[in-house]
Amino acid sequence: MWPPWATNSPSRPHTKSSNFTFTTFKDIQSLIEEEPTKPHLKKPSNIFHRVRIANSILRSWSTRPPQITLPGTESRIVIYSTSLRVVRKTFEDCRTVQSIFRAFRVSIDERDLSMDSSFQLELQRILGFQTKKRGLGLPRVFIGGRYIGGADEIRQLHETGELKNLVQGFVSADISGGCDECGGYRFVLCEECNGSRKCYVEKGGFRTCLVCNENGLIRCSTCSF
Ligand SMILES: [Zn+2]
Ligand SMILES: [Zn+2]
């Protein structure tokens with residue numbers, strides 16, 4: 001049995017003090033507990049937040065068409081590509097995309113960056129913010145003046161059957177790439193300098209040709225858009 005002083009005597013101050021110590025202990029305990037639990041609680045909410053953002057981005061991508069446009073090309077399909085084999089994947093991606101579009105029998109405004117560097121500047125200007133982040137990946141496709149994407153996007157659209165709908169209005173009866181003038185290359189040798197990039201001027205000797213591009217080429221007047 002407990003001695004009477006332990007059960008009866010100064011019960012109030014005793015319980016008060018025990019209450020006091022209990023609450024302070026609880027406070028301390030909660031303080032101790034809260035410290036490690038805080039970051040623990042924060043972490044999942046951070047992940048949820050990130051997942052929510054990622055989901056909303058994905059939703060906006062899937063529901064909203066890309067807003068990048070190529071003015072003046074609303075009535076055709078433009079593909080920025082390269083015929084150089086420097087980077088194998090890029091070269092193969094370009095070939096794949098070109099063959100996908102050819103299969104749909106649509107005429108393409110092909111802009112080969114290796115033929116004319118002005119295409120590169122043009123593309124950088126249009127996709128500015130994207131190219132800063134990921135570099136100027138090729139190919140890049142515009143349908144009806146609207147930016148569609150690169151090889152991955154085209155493959156995806158093709159697999160889902162969406163591409164067929166997108167190119168429907170661009171099917172052409174004459175898609176033979178064999179232009180008599182340029183043989184389908186879309187460029188011909190500059191007649192001013194014969195591709196040498198240098199013109200002879202009576203007074204100043206040789207001057208850089210102002211008519212052609214850096215490769216001594218000019219766009220074919222017969223088949224180029
Ligand atoms: Zn020239
Ligand atoms: Zn031509």
Side-chain angles (χ1 to χ4, degrees), residues 68-88 90-127 136-151 153-154 158 163-164 166-225:
I68 305 164
T69 54
L70 185 59
T73 65
E74 289 76 9
S75 60
R76 57 184 186 264
I77 296 166
V78 178
I79 302 178
Y80 288 89
S81 64
T82 179
S83 55
L84 286 181
R85 291 168 189 252
V86 180
V87 181
R88 196 176 156 183
T90 304
F91 178 74
E92 280 172 2
D93 280 347
C94 290
R95 285 265 298 256
T96 304
V97 165
Q98 282 159 348
S99 58
I100 287 173
F101 278 97
R102 269 189 207 122
F104 283 116
R105 303 192 68 78
V106 291
S107 53
I108 304 163
D109 178 358
E110 275 194 57
R111 302 189 173 180
D112 189 337
L113 271 68
S114 55
M115 286 283 213
D116 193 332
S117 64
S118 69
F119 289 146
Q120 187 174 332
L121 298 172
E122 198 175 283
L123 191 56
Q124 267 167 344
R125 205 175 54 237
I126 299 157
L127 301 176
L136 198 66
L138 292 172
R140 299 279 184 151
V141 179
F142 293 80
I143 298 178
R146 215 181 76 187
Y147 177 57
I148 303 298
E153 285 82 359
I154 296 302
H158 186 39
L163 192 63
K164 197 183 175 190
L166 286 171
V167 302
Q168 229 160 27
F170 304 95
V171 177
S172 168
D174 177 37
I175 55 146
S176 54
C179 168
D180 289 338
E181 191 77 17
C182 67
Y185 286 105
R186 306 281 193 264
F187 282 89
V188 291
L189 210 61
C190 174
E191 283 179 356
E192 292 290 319
C193 66
N194 286 320
S196 69
R197 300 232 54 222
K198 284 185 178 70
C199 293
Y200 187 77
V201 186
E202 289 260 339
K203 276 188 174 175
F206 281 104
R207 291 271 174 88
T208 304
C209 178
L210 299 172
V211 181
C212 56
N213 69 14
E214 78 281 4
N215 295 318
L217 302 170
I218 53 169
R219 297 192 85 174
C220 173
S221 57
T222 311
C223 69
S224 270
F225 288 93

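In each ligand, atom 1 is the first atom listed, and ligand 1 is the first ligand listed.
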Going by distance alone, is a donor N or O of one side chain under 3.5 Å from an acceptor N or O of the other, for Ser118 and Asp116?
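Indeed, the side chains of Ser118 and Asp116 share at least one donor-acceptor pair under 3.5 Å.
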Check the Zn ion (ligand 2) and write out every protein N, O or S atom at under 2.8 Å, as residue and atom.
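The answer, once waters are left aside, is Cys179 SG, Cys182 SG, Cys220 SG, Cys223 SG.
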Taking the side chain as every heavy atom from C-beta outward, state whether Arg140 and Leu123 have any pair of such atoms under 4.5 Å apart.
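Yes - at least one pair of side-chain heavy atoms lies under 4.5 Å apart.
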Does a side-chain heavy-atom distance below 4.5 Å link Leu70 with Tyr80?
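A side-chain contact under 4.5 Å exists here.
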Who pairs with Asp93 by salt bridge (charged side-chain N to carboxylate O under 4.0 Å, His left out), at least two apart in sequence or on another chain?
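Lys89, Arg155.
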Please list, chain by chain and in numerical order, all residues satisfying side chain to side chain contact (heavy atoms under 4.5 Å, CB included) with Cys190, sequence neighbours excluded.
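Per chain and number, Cys190 pairs via side chain to side chain contact (heavy atoms under 4.5 Å, CB included) with Glu192, Cys193, Cys209, Val211, Cys212, Ile218.
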Please identify which of these residues, Thr90, Asp112, Leu84, Ile79, meets the side chain to side chain contact (heavy atoms under 4.5 Å, CB included) condition with Leu138.
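Among the candidates, only Thr90 passes.
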Salt-bridge test for Arg111 and Glu122: reply yes if a basic N is under 4.0 Å from a carboxylate O, no otherwise.
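A salt bridge links Arg111 with Glu122.
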For the pair Asn215 (side chain) and Ser117 (backbone), establish whether a donor and an acceptor sit closer than 3.5 Å, ignoring hydrogens and angles.
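Not confirmed, Asn215 side chain does not pair with Ser117 backbone.
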Listing by chain and number, which protein N, O or S atoms are under 2.8 Å from the Zn ion (ligand 1)?
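Protein N/O/S atoms under 2.8 Å of the Zn ion (ligand 1): Cys190 SG, Cys193 SG, Cys209 SG, Cys212 SG.
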Using 30° and 60° as the class boundaries, would you call the ring planes of Phe206 and Tyr200 parallel, tilted or perpendicular?
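Perpendicular.
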